[in-house]
Amino acid sequence: GDLWAEYTTPWELLDPAPEPPGGVLLQVQSTQPEPMGERSIFESTDKAIRNARDLIYIEDQYFRMPVMLDAFQEALDAAPGLRIVVVTKPVSLLDGAKKWTVIMDEALREMAGDRYLLLGMEAYAAGHLLDAEVASPHFQGMDIHSKMLIVDDRYLSVGSCNKNNRGLLIEGEMNVAVLDPPFVRDARQRILANAAGRIDLDWNRSGVEIAEDLAEIAAANAAIKEAALSSGVLPDP
């Protein structure tokens, strides 16, 4: 219970710093393996998902955290209007843990149905892959590296921890979680507008409306890609 060791140079505890104006409520969280056994990222993520009532938005290079499936189920049961949107990178054939991505995706599809939307991002370019003289369409899956969780318009978590069991339970990771509606609403507007490429839309409407918009944008992009690849004609910018 001592504050310092016996032979430490004498010092006095400073008074707490005054709260800065315009601050937000946040917590620095971590995953630390044994012997520390710190899992505050897991605890915060679990609590946030269980309390979701409108929208869970995940943007991460991985989506394989079956340890959170019970939390998703509780939230879906409690809130019929809840929507889950996940943006992640394509699963590589060389990915040794791709099985768990498939398990996670199938489990959520079974419990959430059309209330769950899994999306990816692609870059588009005109390439000379088939003909040195004529440019043809080329699409490339994007290697998303963000590790973002937004729940409703109240909670945001970001840091080094991926959405997998390893990061939540075993590895050394650090995140910052913010519980502040004005901050989260501003961040959600910027993040979803950037992800969807639609800065003209209001991304702080209901989760139902947001999921519908993202599904329509994804379907339109898929149709453009299919038409471009089948015809070899470059799509309009």
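The figures that follow rest on heavy atoms only: side chains count, while hydrogens, waters and symmetry mates do not. Because the structure is a prediction, the values reported are computed rather than measured.
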Rounded distance [0.5 Å steps], [atom1] in [X] versus [atom2] in [Y]:
X      : Y      : atom1 : atom2 : value
Arg39  : Cys161 : CZ    : SG    : 11.5 Å
Ser146 : Ile58  : OG    : CD1   : 11.0 Å
Leu192 : Leu214 : CG    : CG    : 6.0 Å
Glu59  : His145 : CD    : NE2   : 12.5 Å
Glu173 : Arg166 : CD    : CZ    : 8.5 Å
Lys163 : Thr88  : NZ    : OG1   : 10.0 Å

Step by step, work out the side chain to side chain contact (heavy atoms under 4.5 Å, CB included) result for Leu76 and Ile84. CA-CA 9 Å; Leu76 287 163; Ile84 301 168; 4.0 Å; yes
With side chain to side chain contact (heavy atoms under 4.5 Å, CB included) as the test, would you mind laying out the steps for Glu38 and Thr31 before giving the verdict? CA-CA 5 Å; Glu38 170 71 27; Thr31 304; over 6 Å; no
Are [X] and [Y] packed together at the side-chain level, in the sense that at least one heavy-atom pair is separated by less than 4.5 angstrom?
X      : Y      : value
Val176 : Leu156 : no
Leu168 : Val67  : yes
Val87  : Phe63  : no
Pro182 : Asp180 : yes
Pro137 : Phe139 : yes
Leu82  : Arg53  : no
Asp54  : Val208 : no

Looking at [Y], is its backbone amide N or carbonyl O close enough to the side chain of [X] to form a donor-acceptor pair, meaning the two atoms are under 3.5 Å apart?
X      : Y      : result
Asp152 : Ala52  : no
Asn175 : Ser160 : yes
Thr101 : Arg64  : no
Ser92  : Leu94  : yes
Arg154 : Leu179 : no
Asp95  : Ala97  : yes
Glu209 : Ser206 : yes
Thr45  : Phe42  : no

Least distance between heavy atoms, [X] atom then [Y] atom:
X      : Y      : result
Pro90  : Gly141 : CG-CA, 4.3 Å
Ser230 : Ala227 : OG-O, 3.1 Å
Ala78  : Pro80  : O-CD, 3.8 Å

With side chain to side chain contact (heavy atoms under 4.5 Å, CB included) as the criterion, how do Trp203 and Asp213 come out once you've worked through the C-alpha distance, each side chain's angles and the decisive distance to 0.1 Å? CA-CA 9 Å; Trp203 294 105; Asp213 280 347; 4.2 Å; yes
Same cluster or not: [X] versus [Y], using hydrophobic residues (I, L, V, M, F, W, Y) connected whenever any side-chain heavy atoms lie under 4.5 Å apart?
X      : Y      : result
Leu108 : Leu55  : no
Met65  : Ile144 : no
Ile49  : Ile150 : no
Leu25  : Val151 : yes
Met68  : Leu169 : yes

Residues Lys147 and Asp60 bridged, charged N to O under 4.0 Å: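 Not counted as a salt bridge, because no side-chain N and carboxylate O are separated by less than 4.0 Å.
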Is the [atom1] atom of [X] crowded by more than 12 outside heavy atoms at less than 6.0 Å?
X      : atom1 : value
Leu26  : CG    : yes
Lys98  : NZ    : yes
Glu34  : CD    : yes
Asp200 : CG    : yes

Output side-chain donor-acceptor pairs under 3.5 Å for residues 117-127, partner residues at least two apart or in another chain, one line each.
unit_1	atom_1	unit_2	atom_2	d
Glu122	OE1	Lys225	NZ	3.2
Glu122	OE2	Lys225	NZ	2.8

Can you list the steps and then say if Asp105 with Tyr116 is a side chain to side chain donor-acceptor pair (under 3.5 Å)? CA-CA 9 Å; Asp105 177 59; Tyr116 161 61; 2.7 Å; yes
Salt bridge (charged side-chain N to carboxylate O under 4.0 Å, His left out) contacts in which one or both residues fall within residues 185-196, not counting sequence neighbours: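 Residue pairs passing salt bridge (charged side-chain N to carboxylate O under 4.0 Å, His left out), neighbours aside: Asp153-Arg185, Asp186-Arg190.
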Does Arg115 have any salt bridge (charged side-chain N to carboxylate O under 4.0 Å, His left out) partners at least two apart in sequence or in another chain, and if so, which?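 Partners of Arg115 by the salt bridge (charged side-chain N to carboxylate O under 4.0 Å, His left out) criterion come out as none, since no residue qualifies.
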Side chain to side chain contact (heavy atoms under 4.5 Å, CB included) between His138 and Gln140, worked out: CA-CA 7 Å; His138 179 65; Gln140 177 65 48; 3.9 Å; yes
Considering residues at least two apart in sequence or located in another chain, which fulfil the side chain to side chain donor-acceptor pair (under 3.5 Å) criterion with Asp114?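 In terms of side chain to side chain donor-acceptor pair (under 3.5 Å), with neighbours along the sequence ignored, Asp114 is linked to no residue.
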Among pairs that include at least one residue of residues 71-87, which meet side-chain hydrogen bond (donor to acceptor under 3.5 Å, both in side chains), considering only residues two or more places apart or in two chains?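 Matches after skipping sequence neighbours: Arg50-Glu74, Gln73-Asp77.
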Test side-chain contact (heavy atoms from CB on, under 4.5 Å) applied to Pro66 - qualifying residues, sequence neighbours left out: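 Result, side-chain contact (heavy atoms from CB on, under 4.5 Å) vs Pro66: Leu69, Trp100, Met104, Asn165.
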